[in-house]
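Along the sequence shown, residues carry numbers from 1. Quick caveat: nothing in here was measured; it's all calculated off a predicted structure. Note: hydrogens, waters and symmetry copies are ignored here, and every other heavy atom, side chains too, is used.
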Amino acid sequence: MIDPDRFLSDLHKLRRFGAAGVGKGVCKGVRRPAYSEPDIAARTWLAGRIEQAGLTPHFDPMGNLFGLAEGPSLLMGSHSDSQPEGGWLDGALGVIAALEVARASRESAGPPISVVSFQDEEGRFGVTTGSAVWSGHLSLDEADALTDHGGNRLQQMRSVLAERSDGFVDPARFTGFVELHIEQGPVLDQAREQIGVVSDIVGIRDMNITFSGQQNHAGTTPMHLRRDAFQGLAAFNAALNDRLRNVVTPRTVWTIGHVALHPNASSIVPGRVTFSMQWRDGDPARLARMETIIRDTIADIAGQYALETGFGPMLGLEPVAMDATLRGALEAAAEDVAPGRWRVMPSGALHDATNVARLLPVAMLFVPSIGGISHDFAEDTDETDLVAGLRVLAGAAERLGGQARA
């Protein structure tokens, strides 16, 4: 039988690693980017809790941490790394809930449950990097060549776990994957509902784009002679919003989230700007159409402002529908735990389940995010809802009974 107090205690202990963002006298958020000291310390602590739960801790070459049950088992979990300014529940909830379900099932001689905390889900080096490598979507050599915004190579950063790592875990030992996560949006909170059972996860495209112009004196260079890279970015952003208007749906999103301006000085016309361009949608054809529009708009703006362009590698994942059997178990458990207060809903956020779907049947469930806030120190969920999510996860595991894949 699950122990909600033990679950909440572990969840609060995990938040101490990289605790940040003081609010109302407590540190509400975390700074725990992949491979940082707080991240490694958290994984070390998690490995100890996994072992105490009677599971076998296993680090793979990427730093993904598994807690392995004997024989075929249902895999549950999420990730424990965070955004540079992240919330205490994003990813962590799914890992600790999985640990509690696995531990309780073992104590009661229930079905075997394994646990995972994937590495770099938050994309310090890519897009859900740890699960992308484990699933075969990205090779280890390709991952090693990735760099973060500070120029650090993943190969060097993952070496801090080299002494603890073993080979990659064989996915054939798992019967499926179920991930509990906060919604990271406002739907459940506004509807005063307690559980969301995910129907599908959107696809994503992500790449860096560079405009290169001419760095020059800000006081002596006439406006009509400038090759201002930042003006190019501003014009691109405005033009893109207009050009996408008749292509997208209310569920489609696109974001310029990271900008690096050179030389980034107040008295110099910017000569170069590199920025991230990310877009998400549930339709692969629409994602492709958006890419065409983005590239065409870049070319048009470059011509208008006499700029040169450069494109980084395209990273992305396809939309994924949840497995009917796993989803059905979650829906039945949701009705038991929160009758009339749950819904089926899509996920606009990306999750490790997208990568795992290449190997296993997958399903997901959400609990509310207060105010719809995530990727911020203010992220939070009522503990009653956290426990409700745990109960649904445990109920689904019991219904599935560790069943083998068809």
Quiz prompt | Minimum heavy-atom distance between R31 and P84, given as atom pair plus value | solution = CG-O, 2.9 Å
Quiz prompt | Atom CZ of R227 with >12 non-hydrogen neighbours under 6.0 angstrom | solution = yes
Practice problem: To the nearest 0.5 Å, tell me how far I195 CD1 sits from L188 CG. | Solution: 8.0 Å
Quiz prompt | Greater than 12 external heavy atoms within 6.0 Å of E51's CD | solution = no
Quiz item: Would a distance-only check, ignoring hydrogens and angles, find a side-chain to backbone donor-acceptor pair under 3.5 Å from R32 to F17?
Solution: yes
Quiz prompt | Verdict with reasoning, T249 to D283, per side-chain contact (heavy atoms from CB on, under 4.5 Å) | solution = CA-CA 10 Å; T249 74; D283 182 353; over 6 Å; no
Exercise. May I ask you to test the D228-P270 pair for a side-chain heavy-atom distance under 4.5 Å?
Key: yes
Quiz prompt | Check: I294 and I209 side chains under 4.5 Å, non-hydrogen atoms | solution = yes
Quiz item: With a 4.5 Å limit on heavy-atom distance, are the side chains of E179 and V356 in contact?
Solution: no
Self-check item: R43 NZ/CZ over F59 ring centroid, <6.0 Å and within 45° of normal
Solution: no
Self-check item: Note: D144-R158 ion pair, threshold 4.0 Å (strictly below)
Solution: yes
Quiz item: Which of these, I301, T210, T274, V273, sits in a side-chain contact (heavy atoms from CB on, under 4.5 Å) with L233?
Solution: V273
Self-check item: Side-chain donor/acceptor of N64 to backbone N/O of W134, under 3.5 Å
Solution: no
Quiz item: Any ion pair linking R399 and E335 (charged N to carboxylate O, less than 4.0 Å)?
Solution: no
Exercise. Could you tell me which non-hydrogen atom of G372 sits nearest to which non-hydrogen atom of D189, and how far apart they are?
Key: N-OD2, 4.3 Å
Quiz item: Do F275 and L261 touch side chain to side chain, with heavy atoms closer than 4.5 Å?
Solution: no
Quiz item: Is the backbone N or O of K28 less than 3.5 Å from a side-chain atom of D380, with the two atoms forming a donor-acceptor pair by type?
Solution: no
Quiz item: Salt bridge between R295 and E291, side-chain N to carboxylate O under 4.0 Å?
Solution: yes
Quiz item: Is the backbone N or O of V198 less than 3.5 Å from a side-chain atom of S347, with the two atoms forming a donor-acceptor pair by type?
Solution: no
Exercise. Locate the shortest heavy-atom distance separating P319 from G282; write the atom from each residue and the value.
Key: CG-O, 3.3 Å
Quiz item: Looking at L307, I293, T309, L240, which one forms a side-chain contact (heavy atoms from CB on, under 4.5 Å) with I298?
Solution: T309
Quiz item: Is there side-chain contact between W279 and V202, with at least one heavy-atom pair below 4.5 Å?
Solution: no
Quiz item: What are the two closest heavy atoms between G167 and H58, and how far apart are they?
Solution: O-NE2, 2.7 Å
Quiz item: Where the side chain of S105 meets the backbone of A102, is there a donor-acceptor pair that is under 3.5 Å apart?
Solution: no
Quiz item: How about E37: does its CD atom have over 12 heavy atoms from other parts shown lying under 6.0 Å from it?
Solution: no
Quiz item: Does the ring centre of F211 sit less than 6.0 Å away from the ring centre of Y305?
Solution: no
Quiz item: Should the pair R124-D39 be classified as a salt bridge under the 4.0 Å nitrogen-to-oxygen rule?
Solution: no
Self-check item: Pairwise distance CZ(F177) to OG(S114) - rounded to 0.5 angstrom
Solution: 11.5 Å
Quiz prompt | Check: E142 main-chain N/O paired with S139 side-chain donor or acceptor under 3.5 Å | solution = yes
Exercise. Would you please say whether a donor-acceptor pair under 3.5 Å links the side chains of D385 and Q194?
Key: yes
Quiz prompt | Close side-chain approach of R280 to L350, heavy-atom, < 4.5 Å | solution = yes
Self-check item: Salt-bridge contact D281-R289 (side-chain N to carboxylate O under 4.0 Å)
Solution: no
Exercise. Show the numbers, then the answer: is there a side-chain contact (heavy atoms from CB on, under 4.5 Å) between S199 and R327?
Key: CA-CA 8 Å; S199 57; R327 175 178 153 183; 3.8 Å; yes
Practice problem: Evaluate the criterion side-chain contact (heavy atoms from CB on, under 4.5 Å) for residue pair F7 and I2; output intermediate values, then yes/no. | Solution: CA-CA 8 Å; F7 156 69; I2 58 171; over 6 Å; no
Quiz item: What distance separates R205 CZ from E318 CD, expressed to the nearest 0.5 Å?
Solution: 4.0 Å
Quiz item: Checking T297 side chain against F236 main chain: does a donor-acceptor pair fall under 3.5 Å?
Solution: no
Exercise. Check whether more than 12 heavy atoms from other residues, nucleotides or ligands sit under 6.0 Å from atom CD of Q52, and answer yes or no.
Key: yes
Practice problem: Answer yes if the side chains of R164 and T44 hold a donor-acceptor pair under 3.5 Å, and no otherwise. | Solution: yes
Quiz item: What is the distance from atom CZ of F118 to atom CZ of F66, rounded to the nearest 0.5 Å?
Solution: 5.0 Å
Quiz item: If you round to the nearest 0.5 Å, how far is OG1 of T129 from NE2 of H137?
Solution: 10.0 Å
Exercise. Could you tell me how the ring of H181 sits relative to the ring of F366: parallel (under 30°), tilted (30 to 60°) or perpendicular (over 60°)?
Key: perpendicular
Practice problem: Check for a donor-acceptor pair, side chain of E379 on one end and backbone N or O of W88 on the other, with a separation under 3.5 Å. | Solution: yes
Quiz prompt | Test side-chain contact (heavy atoms from CB on, under 4.5 Å) applied to L146 and L138, step by step | solution = CA-CA 11 Å; L146 297 173; L138 186 69; 4.1 Å; yes
Exercise. Specify the closest pair of heavy atoms between N355 and S131, including all atoms of both residues, with the distance to one decimal.
Key: ND2-OG, 2.8 Å
Quiz item: Does any N or O in the side chain of Q184 come within less than 3.5 Å of the main-chain N or O of S369, such that one atom is a donor and the other an acceptor?
Solution: no
Quiz item: Distance from L161 atom CG to I40 atom CD1, nearest 0.5 Å?
Solution: 3.5 Å
Quiz item: For the residue pair L55 and I113, what are the closest heavy atoms and their distance?
Solution: CD2-O, 3.7 Å
Quiz item: So, the side chain of H351 versus the backbone of E121: is there a donor-acceptor pair under 3.5 Å, distance only?
Solution: no
Exercise. Decide yes or no for I204 and Q278: does some side-chain heavy atom of the first lie under 4.5 Å from some side-chain heavy atom of the second?
Key: yes
Practice problem: Find out whether V133 and F168 are in side-chain contact, i.e. whether some heavy atom of one side chain is under 4.5 Å from a heavy atom of the other. | Solution: yes
